[in-house]
Amino acid sequence: MTSEIVIIGGGVIGLAIAVELKLRGTNVTVLCRDFQAAATHAAAGMLAPDAENITNGAMRSLCLRSRALYPDWTRKLEELTGLNTGYRPCGILAPIFEEAGEQGAGSREQGAGSREQGQNFSPLHPSPCPPASSPAYWLNKEAIHQYQPGLGNEVVGGWWYPEDAQVDNKALAQVLRTAAESLGVELKDGITVEAFLQQQGQVVGVQTNAGMIRAAHYVLASGAWSNELLPLPVLPRKGQMLSVRIPEFAPDLPLKRVLFGQNIYIVPRRDRLIIGATSEDVGFTPNNTPDGIQKLLQAAIRLYPQLKDYPIQEFWWGFRPTTPDELPILGTSHCQNLTLATGHYRNGILLTPVTAALIADLILEQKPDSLLADFNYSRFQSQPSTSTPMLTHSANFSNGNRPTISPFPIQDSPLIIAGKTFQSRLMTGTGKYRSIEEMQQSVAASDCQIVTVAVRRVQTKAPGHEGLAEALDWTKIWMLPNTAGCQTAEEAIRVARLGREMAKLLGQEDNNFIKLEVIPDLKYLLPDPIGTLQAAEQLVKEGFAVLPYINADPMLAKRLEEVGCATVMPLASPIGSGQGLKTTANIQIIIENANVPVVVDAGIGSPSEAAQAMELGADALLINSAIALSANPAAMARAMNLAAVAGRLAYLAGRMPIKDYASPSSPLTGTITN
């Protein structure tokens, strides 16, 4: 199948771009994996750059521009479809509780205009704003309770943002889908894009579960799933929400304003209130949870107490696409015919019309708006790596005889552990080196992004570990503290806690990783399966991302996954033995059944064995002794890096079948005969 433009992603962003392109005379196909799973459904439809206090200059400009487009944009969609989007220029009220006090009154004005901090205005007083900003009004306690009866007693004031608005997000999604259908956009549901095919800086097709699809141009708008296709730093952030039904005869005056509180919002609709939303870094973990819903209800009741008696109507959740700086990724990519429109996080609904207009201008008129420069993917590539973990179908021999490796994969995706993304699939250790300098050189040569460190040896400054904490640049390398030397579950749990604090001291405040080792056997150094499981269960409860070192036991691996471990790490052969892969059959079973990354750990002695482990389908390797004890550790580290890349590529490529008989490489037809 061939189309002029293919859009990957059928949420509001993808559909709005499709409608805009179609209105400008372009043939468009939208590939949608699951319409109901889009981030659209983890939203309440607030158009709230003022209430959200967005202060980033470029982002605020983008949001204000998009909000200004909404009245005409929704009107045209409604005329086209005969359906209502639920757009209302209703304004948004942002109440402040007593503990925020004057700080709340002073802080929110920064995003809306200039004002002397802490000054109260009653009952309504406009904020003196510069022309590019929106008006904002401060209401003192008496005024805000008059303006919106029924607020909680702890509300001591708040801001009124008259230019913020709302739209019914679910209605908008349906209107956009109907508009696309009526205009002749081809909507293909149930389509999972598996890979981009690239040649010489161009995408030449997308491989899907329904076969190859080709186009002249491609748009990636697949939200939280974007980094399954490209190594963009876009990760899912789960949002839980619920709605309560407004009783026909509510005891007090009904809620008339959208309330944007502290970590809570309440959006009134015709017969219900929308309450949201949590923001959870839990990967693609589905479903509502009692904890999430309880937190929402507690915060909502504190803000608007009478809803405690309203009947609960519905729960739902969705996955917002977020980036490290919480700004979207918009515009050009590494390929001339691939445009990016993803990572909108909390502002996907708000930014839909401006995204559609900017992307259409860029594709059809080659007119990049000046704002797009602030949202280009290249802002995350200020420190390019020399590693080659990204796999492509392209080959370019313009620089001599060495092929260039594209910074984007075609068939592969990044290694994701506990929601954190890594490009390298080789982890290394810090022990057994002859000197700190050799260790530093080896870590650099390996291009690894994760380095494991024995907590006890660093804490006690054991020989070879003096100054280790200062020897590596922990702003570039993710520390994996390990519990080496622990013989019981209790010891491992205690050392793990020390490891987390050690990571914090080195500046990795959010590092909750721990490599779990429980090894009572001092001769063969084989891990204790029972102690490992016991420690893992406790550490998971304490919020650790647990990477357990285990025998290659498929049943234990599955049990550790079930208790919440972030990976499983089966040994290839005993630690430091260099015996290579002695547990191949069991590792294959573990890989086949695992839903978390499988990291082959211990026993690999040579690059050929490293490649073999990756060819089995392992997600990553952890190698220490084979590098540290070699004659030239830095050279061996580089060799292991290349072996890991080669083995991964071989696994993805798929080896030829093994036969019991010969098969000629050259054809037998057309040969010369007498």
Side-chain angles (χ1 to χ4, degrees), residues 33 37 39 192-196 220 222-238 279-286 318-326 329 342-343 345 377 380-381 385 387-391 407-427 447-452 476-480 503 508 510-516 540 543-548 557 560-562 564-570 590-591 593-601 614 617-622 644-645 647-649 651-652:
R33 182 200 314 228
T192 299
V193 175
E194 298 165 348
F196 285 108
L220 181 64
S222 53
W225 291 266
S226 296
N227 79 352
E228 293 183 359
L229 295 171
L230 300 178
L232 298 169
V234 179
L235 294 174
R237 193 71 61 83
K238 186 168 91 170
S279 181
E280 304 168 52
D281 188 8
V282 293
F284 286 107
T285 303
F319 301 108
R320 298 185 178 103
T322 186
T323 63
D325 58 11
E326 297 187 354
I329 297 174
T342 186
Y345 189 33
Y377 79 96
F380 299 113
Q381 296 186 326
S385 171
S387 63
T388 58
M390 310 307 176
L391 311 176
F408 284 76
I410 294 304
Q411 291 181 309
D412 204 2
S413 57
L415 172 66
I416 300 177
I417 300 175
K420 190 167 181 63
T421 301
F422 304 96
Q423 305 305 335
S424 174
R425 293 179 180 272
L426 174 63
M427 309 176 192
D447 272 331
C448 68
Q449 293 176 287
I450 300 176
V451 170
T452 187
K476 299 177 181 177
I477 296 172
W478 191 248
M479 176 184 285
L480 176 57
Q508 297 185 1
D510 60 338
N511 190 338
N512 64 339
F513 280 40
I514 190 70
K515 184 192 175 195
L516 176 61
V540 168
F544 283 90
V546 180
L547 289 74
L560 287 163
E561 179 184 325
E562 288 170 354
C565 288
T567 70
V568 289
M569 303 181 72
I590 291 171
I591 290 169
N593 290 287
N595 295 306
V596 295
V598 177
V599 183
V600 174
D601 181 12
M614 294 301 291
D619 295 281
L621 308 171
L622 197 159
V645 173
R648 178 68 177 175
L649 180 54
Y651 167 72
L652 295 172

Worksheet item: Could you give the distance from CG (Asn511) to NZ (Lys420), rounded to the nearest 0.5 Å?
Response: 8.0 Å
Item to complete: Sequence neighbours left out, what passes side-chain hydrogen bond (donor to acceptor under 3.5 Å, both in side chains) with Asp619? Give chain and number order.
Response: none
Worksheet item: Got a sec, which residues hit side chain to side chain contact (heavy atoms under 4.5 Å, CB included) with Pro324, two or more places apart in sequence or on another chain?
Response: Pro233, Phe380
Worksheet item: Do the non-hydrogen side-chain atoms of Cys448 and Ile477 ever get within less than 4.5 Å of each other?
Response: no
Fill in: Contact check, side chains of Leu621 and Met614, non-hydrogen atoms, under 4.5 Å
yes
Discussion item. So which atom in Val599 and which in Pro570 form the shortest heavy-atom distance, rounded to 0.1 Å?
Written reply: O-CD, 3.3 Å
Worksheet item: Should the pair Phe319 and Trp225 be assigned to parallel (<30°), tilted (30 to 60°) or perpendicular (>60°) ring geometry?
Response: perpendicular
Item to complete: From the options Val596, Leu547, Val546, select the one residue that forms a side chain to side chain contact (heavy atoms under 4.5 Å, CB included) with Cys565.
Response: Val546
Worksheet item: Where is the tightest heavy-atom contact between Pro321 and Ala224, given as atom of each residue plus distance?
Response: CB-N, 3.3 Å
Discussion item. Looking at Gly419, is its backbone amide N or carbonyl O close enough to the side chain of Asp281 to form a donor-acceptor pair, meaning the two atoms are under 3.5 Å apart?
Written reply: no
Discussion item. Any donor-acceptor pair under 3.5 Å linking the side-chain atoms of Tyr377 with those of Thr342?
Written reply: no
Worksheet item: Restricting to pairs with a member in residues 223-233, which pass salt bridge (charged side-chain N to carboxylate O under 4.0 Å, His left out), not counting sequence neighbours?
Response: Arg33-Glu228
Discussion item. Using 0.5 Å steps for rounding, measure from the CG atom of Leu480 to the CE atom of Met427.
Written reply: 7.0 Å
Worksheet item: At their closest point, which heavy atom of Ala618 faces which heavy atom of Arg648, and how far apart are they?
Response: O-NH1, 3.9 Å
Worksheet item: What residues, two or more places apart in sequence or in another chain, satisfy side chain to side chain contact (heavy atoms under 4.5 Å, CB included) together with Ser222?
Response: Ile8, Leu220, Ser226
Practice prompt. Identify the two heavy atoms, one from Ala557 and one from Val568, that lie closest to each other, and give their separation to 0.1 Å.
Written response: O-CG1, 3.6 Å
Worksheet item: Taking only residues two or more places apart in sequence, or in another chain, which ones meet Thr323 in a side-chain hydrogen bond (donor to acceptor under 3.5 Å, both in side chains)?
Response: Asp325
Worksheet entry | Sequence-distant partners of Ala418, side chain to side chain contact (heavy atoms under 4.5 Å, CB included), two or more places apart | Phe513, Ala545, Ala566
Item to complete: List the atom of Leu415, the atom of Pro597, and the distance in Å for their closest heavy-atom pair.
Response: CD1-CB, 4.1 Å
Discussion item. I'd like to know if Lys515 and Asp601 make a salt bridge, using a cut-off of under 4.0 Å between side-chain N and carboxylate O.
Written reply: yes
Practice prompt. Check side chain to side chain contact (heavy atoms under 4.5 Å, CB included) between Asn595 and all other residues, then give those that pass, not counting sequence neighbours.
Written response: Lys558, Glu561
Item to complete: Using modelled atom types only, decide if a donor and an acceptor are shared between the side chain of Gln449 and the backbone of Ser424 within a distance under 3.5 Å.
Response: yes
Practice prompt. Apply salt bridge (charged side-chain N to carboxylate O under 4.0 Å, His left out) to Lys238 and list each qualifying residue two or more places apart in sequence or on a separate chain.
Written response: none
Discussion item. What's the separation between atom CD in Gln508 and atom CE in Met479, rounded to the nearest 0.5 Å?
Written reply: 6.0 Å
Worksheet entry | Residue list, side-chain hydrogen bond (donor to acceptor under 3.5 Å, both in side chains) with Thr567, at least two apart or on another chain | none
Discussion item. With heavy-atom distances below 4.5 Å as the criterion, would you say the side chains of Asn227 and Leu235 are in contact?
Written reply: yes
